[in-house]
Every structure is written in C-alpha cells, then in structure tokens.
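Only this structure's heavy atoms are used, side chains among them; waters, hydrogens and symmetry mates stay out. One-based numbering, in listed order, for ligands and for the atoms of each.
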Amino acid sequence: MNIIVQKYGGTSVGNIPKIKSVADRILKAKSSGAAMVVVVSAMGHTTDRLVNLARAITRKPSRREMDMLLSTGEQISIALLSLAIQERGAKAISLTGLQSGIVTDANYSMAKIKSVKTDSIVSQLEKDHVVIVAGFQGVSNGFEITTLGRGGSDTTASALAVALQARCCEIYTDVEGVYTTDPNLVPEAKKLHYISYEEMVELAGAGAQVLHPRSVEIAMKFGVPIAVRPSYSDAPGTVVMEAAKLENVVITGVTGNKNIAKVAIRGIPDRPGVAAQIFSALGSQGINIRLIIQSIAADGLNDISLVVSREFVKQAAEVLEGQRRSLKAKEIVCHDKLAEVSIVGSGIASTPGVAARMFKILAKQKINIDLISSSEVRITCVIDEKRTPEAIRALHQEFRLEKLQRGLARK
Ligand code: ASP
Ligand code: MG
C-alpha cells in the first residue's frame with residue numbers, strides 16, 4: 001500500500017477554520033492515490049489548559065490521572081477532523097491510541113512506544129478511510145492510558161510511519177521548517193532544506209522545539225525521512241534524513257535551552273561504589289540527567305554536578321539530600337538560573353578547533369562558561385541564563401550561519 005503519514009500540530013488545528021483547511025489538505029494528498037494516516041495534536045493550548053486544571057487542585061498530581069486527563073485533548077481534535085473530512089464527502093475514522101494499536105510501557109507521562117499493532121489501521125485503510133489517530137497517547141499492556149511526554153505527537157507519527165512502512169512522514173507545523181537558530185531571536189536565521197537525523201536529534205534535545213527528540217530517533221533507526229513543513233502553504237520545508245546523502249557542513253545550528261538546572265553534591269567520600277549508589281537512587285526516581293560532571297578528588301573528597309531539566313530539580317535535590325546524609329557528604333547546591341547553548345553540526349568531530357572557536361566567541365562577549373559537554377555532533381556550554389540571547393546571536397554570526405547552504409551530497 002502507498003501510505004503517507006501526516007501529523008498536524010496543535011496550532012495547525014487550533015480552531016474550526018484551521019481544522020477545515022487541514023481536511024482539504026489531507027484530501028488533496030489523498031487524491032494522488034495515497035492511503036492517508038493522519039496524527040493530530042490537541043487544539044491550540046488545550047494541553048496546557050488541562051495541566052492548569054489539575055494544578056488548581058493539587059501540586060502533586062498522580063501521573064496516572066494526568067495521563068487520563070491529558071489524553072482527552074487529542075480525542076477532541078481527532079473527532080472534529082474526522083467530521084470535517086466526512087462533511088467533504090470522504091470516508092474518515094478517528095482512533096484513540098488504544099484503537100490504533102499503539103502499545104507503550106507503563107511509564108506514565110513519559111511512556112515509550114514498544115510496538116504498534118497495525119491491523120486495525122490497515123483494515124480501515126483498505127476500506128478507503130482516512131485514518132485519524134490521536135497523537136501523544138498509547139496504552140500499556142495493562143490497558144492503562146499513557147502519554148509520551150509533551151510534544152509526543154511527533155513520535156506517534158514517526159512510529160506509525162515506521163510500522164506501516166509509509167512512503168514518508170510529513171510533520172505539519174506553524175513554521176517554515178527547521179532553522180539555523182530561532183528566527184524570533186536572530187532574524188537572519190536561515191531555513192535549512194536538509195538536516196541529518198543525528199543533527200536533528202541533538203538540536204531537538206538541546207532545546208529546538210520543532211520536533212520531539214524521540215520521533216527523530218525512531219525515524220533514524222529505521223531510515224524513514226521526516227519532512228517538517230508549514231501547514232499554511234505549499235513550501236517544501238526541511239527534510240530530516242541520512243547524513244551520508246547530505247553535504248558535510250561544520251555547523252548547522254545554534255540553540256539555547258533555559259529549561260535546565262544544576263544540582264551538585266559536594267564533599268563526597270572518594271571511593272568505589274559511591275557514584276553507583278547516587279545514580280541508582282536518581283534513576284529509580286525516573287529523573288533524567290542531561291549531564292554529569294565529577295571533578296578531581298582532593299583530600300579524599302569529590303564533587304559531582306548534574307544538569308537536569310527544571311521539572312526534575314526539586315526531586316533531584318531531595319534524592320541527593322538523602323544521599324548526602326547516608327554518605328556523610330558536605331552539602332547540596334542548586335542553581336537554576338542557568339541555560340545551555342549548543343552548536344550542532346555533522347562536521348564538528350572531523351574539524352579541529354571548533355570547540356576553541358566557540359569558547360573564544362563566548363569569551364569575546366565576556367560570557368563565563370560554567371560546564372561543557374560534547375558529543376560527535378554537538379558542543380554545549382552551560383552559561384548564565386540571562387546571557388543566552390547574546391550568546392546565540394554571537395555564535396550564529398561568527399559561524400556565518402546566515403549564509404549556510406547545504407544541499408544533497410554529490411555522487
Ligand atoms: N498535546 C500534547 C502537548 O501539547 C502533545 C503534542 O502536541 O504533541 O504536548
Ligand atoms: Mg510539537
């Protein structure tokens with residue numbers, strides 16, 4: 001079957017006129033003969049509103065009930081979109097995560113998709129229905145409703161594209177595609193025609209909001225290209241694909257992430273098993289750690305610093321306080337007025353001196369670097385949160401990203 005998976009984000013289905021225009025767009029793609037599977041997010045700010053309703057009741061909502069609550073947002077938009085398509089004389093059916101066979105683990109609010117049982121979607125496609133799937137939700141083996149983490153509808157779409165062996169996965173959004181940096185911050189930011197999976201995973205993880213990082217990891221694993229496109233025009237957007245098919249460039253993007261905090265435990269005894277004990281305690285609480293730095297021991301004592309998303313900072317500090325007591329360590333220090341700035345590019349590992357250039361640019365702005373981390377395709381500096389916009393602007397300018405042109409590799 002010739003299947004196209006499309007996904008429409010919350011702003012693209014934010015009101016009834018927009019839902020109607022999405023219906024037109026879907027039917028236009030269908031008229032080329034494709035079988036259409038469409039994933040949608042909740043309308044506009046629905047999910048935020050639902051979160052606020054729960055917050056008005058409790059500061060510590062149970063994660064199970066949050067998933068029960070948040071999953072309702074997508075059920076509104078799938079039903080409305082299905083009605084809009086039916087109104088246009090075509091066949092459509094909306095399906096929840098459970099009905100579409102999206103099976104996840106039982107980790108509420110950040111569940112991972114384990115498998116997709118495609119039978120029911122395929123049988124609806126065979127009956128010529130447009131199949132509209134609720135994004136962001138799944139069901140555990142115990143028939144519990146789960147959600148995939150904020151922004152998770154992208155992941156629903158790429159998992160479906162993989163499971164259905166779709167021709168492509170198109171993510172429709174309210175921007176032109178993926179940019180070299182946030183165009184609201186740097187007006188010269190350039191839209192990229194192509195980006196590699198690896199770069200996109202890093203950009204998404206480093207704070208670029210355009211795609212959910214898991215969605216890119218899944219597409220990368222199975223080699224399905226993702227097209228990120230505007231839902232308001234026919235512009236081609238950005239294609240996320242294999243690095244081997246793309247021209248190599250040193251840097252493709254700069255990004256900032258203010259949603260981080262540092263928690264440090266100081267004066268821990270320097271002996272085998274201590275780190276294992278601390279990180280088992282953090283891991284058992286489901287705390288995701290972005291970065292770990294252990295400094296050189298002095299006088300038999302060590303410091304360990306962690307960077308976590310701000311949502312985890314209280315929990316991480318509580319766990320470390322327990323560890324401090326049991327290990328008789330000195331103190332816990334929290335710092336949340338920090339941000340990460342990252343440069344990302346497939347040529348970073350193979351080009352000497354990129355890190356030095358980044359540090360020099362920050363030094364020229366008199367921006368102090370607190371922590372540094374890097375991967376094959378990314379270098380990240382933790383800096384004072386207030387300096388983030390300046391840092392991004394300076395890096396974008398010095399690496400001349402406004403001139404970046406990256407095409408397909410020549411054979
Ligand atoms: N509605 C969910 C959210 O706002 C999922 C998504 O939009 O992808 O995070
Ligand atoms: Mg999104």
*Asks:* Is there any N or O on Gly151 that sits under 3.5 Å from an N or O of ligand 1?
*Replies:*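 Looking only at distances, the answer is yes, because the N/O contact criterion of under 3.5 Å is met.
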*Asks:* What I want to check is whether the side chains of Thr146 and Asp67 have a donor and an acceptor closer together than 3.5 Å.
*Replies:*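 There is no such pair (donor and acceptor under 3.5 Å, judged by atom type) between the side chains of Thr146 and Asp67.
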*Asks:* Tell me, which protein residue and heavy-atom name are nearest atom 7 (O) of ligand 1, and how many Å apart are they?
*Replies:*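 Looking at atom 7 (O) of ligand 1, the protein heavy atom closest to it is Ser41 OG, 3.1 Å.
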*Asks:* Give me each pair satisfying side-chain hydrogen bond (donor to acceptor under 3.5 Å, both in side chains) with a member in residues 355-366, each pair once, sequence neighbours excluded.
*Replies:*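 Matches after skipping sequence neighbours: Lys364-Glu398.
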*Asks:* Within less than 4.0 angstrom of ligand 1, does Gly10 place any heavy atom?
*Replies:*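 Distance cut 4.0 Å: Gly10 fails for ligand 1.
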*Asks:* Looking only at non-hydrogen atoms, which of Gln137, Glu74, His212, Arg150 approaches atom 9 (O) of ligand 1 most closely?
*Replies:*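 That would be Arg150.
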*Asks:* State whether a side-chain donor-acceptor pair under 3.5 Å links Asn184 with Asp182.
*Replies:*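 Side chains of Asn184 and Asp182: pair found under 3.5 Å.
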*Asks:* Using a strict 4.0 Å threshold on nitrogen-to-oxygen distance, state whether Glu340 and Arg290 make a salt bridge.
*Replies:*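 Salt bridge flag = yes for Arg290 with Glu340.
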*Asks:* For a side chain to side chain contact (heavy atoms under 4.5 Å, CB included) with Val228, tell me which candidate from Val210, Val239, Ile195 qualifies.
*Replies:*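 Of all the options given, the one that passes is Val210.
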*Asks:* Tell me which protein heavy atom sits closest to atom 6 (C) of ligand 1, plus the residue, atom name and distance to 0.1 Å.
*Replies:*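 Ranked first by proximity to atom 6 (C) of ligand 1 is Ser153 OG, 3.3 Å.
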*Asks:* Indicate yes or no for a side-chain donor-acceptor contact from Lys190 to the backbone of Leu404 under 3.5 Å, with no hydrogens or angles considered.
*Replies:*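 Between the backbone of Leu404 and the side chain of Lys190 there is a qualifying donor-acceptor contact (under 3.5 Å).
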*Asks:* Find all atoms of ligand 1 within a distance of less than 4.0 Å from any non-hydrogen atom belonging to Phe136, and give their numbers and elements.
*Replies:*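 The list of qualifying atoms is 2 (C), 5 (C).
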*Asks:* Backbone or side chain, does any N or O of Lys7 fall under 3.5 Å from an N or O of ligand 1?
*Replies:*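 Looking only at distances, the answer is no, because the N/O contact criterion of under 3.5 Å is not met.
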